[in-house]
Amino acid sequence: MGRIIWKFRSLIPISSDTNIAVPIVCLCWYAISSFGSQITKRILTECPMPLFLGEFQFIFIVLSACITCLIGHYVPGVRKLFPEGTFPRSQDPGVNVIMRPSKEVLLTVFPLGLFQFMGKYYGHRATSLVPVSTVASIKTLSPIFIILAQKMLKRFDHKLNRAIYLSLGCVMLGVWVIVYSDSKNTVPKTQISDLDDQAIKTSHYGVLFASISMLIFVIQNIYAKNIFTYKSDHNELPIATSKSDYRRSLRSPRKYDKLTLMIYISVVGFSISLGWFIALELPTLWANFFHEPHNVEIPWRLIILNGVLHFLQSMITFYLLGEISTLSYSIANIMKRIAIISFSWLYTAHSITMIQVLGILLNVTGLFFYERLMKKNQIR
């Protein structure tokens, strides 16, 4: 145990980076993500239609990404703010301002669009049932399931040491403490047992939906790892030394810029979820317009604000991925989740207990040392 603690002490990074722009962008990222999560919660509380919200987000992302491509094409200064691979390259075939749709790009993004639809749907269902802090904490379990999935797919050949297992154990214990504390705050202590049972059942469904959403995005991340890795020479002919190398190079996915992927993933996600929306929520929405007073008031201003914040988060992610290392981004992403959990507790005006503080400390400690240990052992 002492040797494990000594290993942890040697992993704490001391950064000499004096670039003030990155910390400011990270703080903006945390604020936007925390505020956006609460806006999503409020929308789904006032208008419990997760498919409708998802459809609007898909449309808004497509329009915003297209406008951003136009701005980047005609205002080179904006384009230079982001790393290469964010905007379409005008010298690529089939590209003027936005890449034209093709069978190749649609087949590439179809699984990602499907994952986006399913992940959004279950994530929104979870957010409508349980606190934002519960959903955010469950998402921090993703490293554990990424390792399990890679082992099942036989893509992970490294042996994990006791320190990594201990860090993952801290994450699991921290998530359990946070979820348990949140359930105690949300389940009312009433005299009517039926209400208690209903609240407990709702809480259990929320945790289940959040877990399903997390698992879907884990699968998406594994699939998208190579697709989102942009290479500027992706149009050059691959160098193959044998027939097997040549066949392998043909099977490797083409690297597209991030805004192109964002546009077509959202188009596919919107198309897939459209049938479900028409069947499940459109009749209620349609009847609501012709019913006075309206059964459901649609908070259009909040929905538009939610779309803006959602798009800004994506653009900040693109910026950070080009400015800092993968490890630094992972740690920044950990801090974002902690910020969302903390802001959720403050926003809902619940008294923060020592158990909740313990849960969040276990969570951030486990995640931080997991990232450091994986980097030190060169496991990715």
Practice problem: Answer yes or no: are there more than 12 heavy-atom neighbours, outside Met172 itself, under 6.0 Å from its atom CE? | Solution: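 Result for CE/Met172: open.
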
Quiz item: Does atom CG of Leu63 have more than 12 heavy-atom neighbours from other groups under 6.0 Å away?
Solution: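 Enclosed: over 12 neighbouring heavy atoms sit under 6.0 Å from CG of Leu63.
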
Quiz item: Under the 3.5 angstrom rule, does the side chain of Asp182 hit a backbone N or O of Thr134 as a donor-acceptor pair?
Solution: yes

Quiz item: Any donor-acceptor pair under 3.5 Å linking the side chain of Ser213 with the backbone of Gly119?
Solution: yes

Quiz prompt | Residues in ring-ring contact (aromatic ring centres under 6.0 Å, His included) contact with Phe52, at least two apart in sequence or another chain | solution = Trp300

Exercise. Would you please name every residue forming a ring-ring contact (aromatic ring centres under 6.0 Å, His included) with Tyr264, sequence neighbours left out?
Key: none

Least distance between heavy atoms, [X] atom then [Y] atom:
X	Y	result
Cys170	Gly366	CB-CA, 3.8 Å
Arg337	Ala136	O-CB, 4.4 Å
Ile216	Phe115	CG2-O, 3.4 Å
Ser133	Trp345	OG-NE1, 3.3 Å
Ser137	Val175	O-CG2, 3.2 Å
Phe82	Thr86	CB-OG1, 3.7 Å

Under 3.5 Å, side-chain donor or acceptor atoms of residues 301-310 against the rest of the protein: list the pairs with distances, not counting sequence neighbours.
residue, atom, partner, partner atom, Å
Asn306, OD1, Gln57, NE2, 2.7
Asn306, ND2, Thr40, OG1, 2.7
His310, NE2, Lys120, NZ, 3.1

Practice problem: Would you mind listing every salt bridge (Lys or Arg N to Asp or Glu O under 4.0 Å) that reaches into residues 34-62, with sequence neighbours excluded? | Solution: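 Found Arg42-Glu46.
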
Does any part of the side chain of [Y], heavy atoms only, come nearer than 4.5 Å to the side chain of [X], both counted from C-beta?
X	Y	result
Phe110	Ile272	yes
Val171	Leu141	yes
Tyr370	Leu168	yes
Leu320	Val25	yes
Met118	Leu114	yes
Phe277	Leu285	yes
Thr68	Phe87	yes
Ile263	Cys66	yes

State the [atom1]-[atom2] distance between [X] and [Y], to the nearest 0.5 angstrom.
X	Y	atom1	atom2	result
Leu362	Leu173	CG	CG	5.0 Å
Ile178	Leu358	CD1	CG	9.5 Å
His73	Arg79	NE2	CZ	8.0 Å
Leu215	Ile138	CG	CD1	10.0 Å
Ser128	Ile43	OG	CD1	12.5 Å
Leu208	Ser203	CG	OG	11.0 Å

Practice problem: Report the C-alpha separation of Ser314 and Met262 in whole Å, then their side-chain angles, then the decisive distance to 0.1 Å, and conclude whether the side chain to side chain contact (heavy atoms under 4.5 Å, CB included) test is met. | Solution: CA-CA 9 Å; Ser314 300; Met262 186 188 293; 3.5 Å; yes

Side chain to side chain donor-acceptor pair (under 3.5 Å) involving [X] - partner list, sequence neighbours excluded:
X	result
Ser211	none
Tyr122	none
Ser37	none
Arg125	Tyr121

For [X], give me all partners under side-chain contact (heavy atoms from CB on, under 4.5 Å), at least two apart in sequence or on another chain.
X	result
Ser266	Phe58, Ile61, Val62
Pro48	none
Leu280	Leu51, Trp276
Ser34	Ala339, Ile340, Phe343

For residues [X] and [Y]: do they belong to one hydrophobic cluster (side chain heavy atoms under 4.5 Å, members Ile, Leu, Val, Met, Phe, Trp, Tyr)?
X	Y	value
Phe217	Phe145	no
Met354	Leu361	no
Val132	Tyr347	no
Ile338	Leu346	yes

Quiz item: Please walk me through it: do Trp29 and Thr317 pass side chain to side chain contact (heavy atoms under 4.5 Å, CB included)?
Solution: CA-CA 8 Å; Trp29 192 32; Thr317 299; 3.8 Å; yes

Exercise. Examine the side chains of Ser33 and Gln313 and answer whether a donor and an acceptor come within less than 3.5 Å of each other.
Key: yes

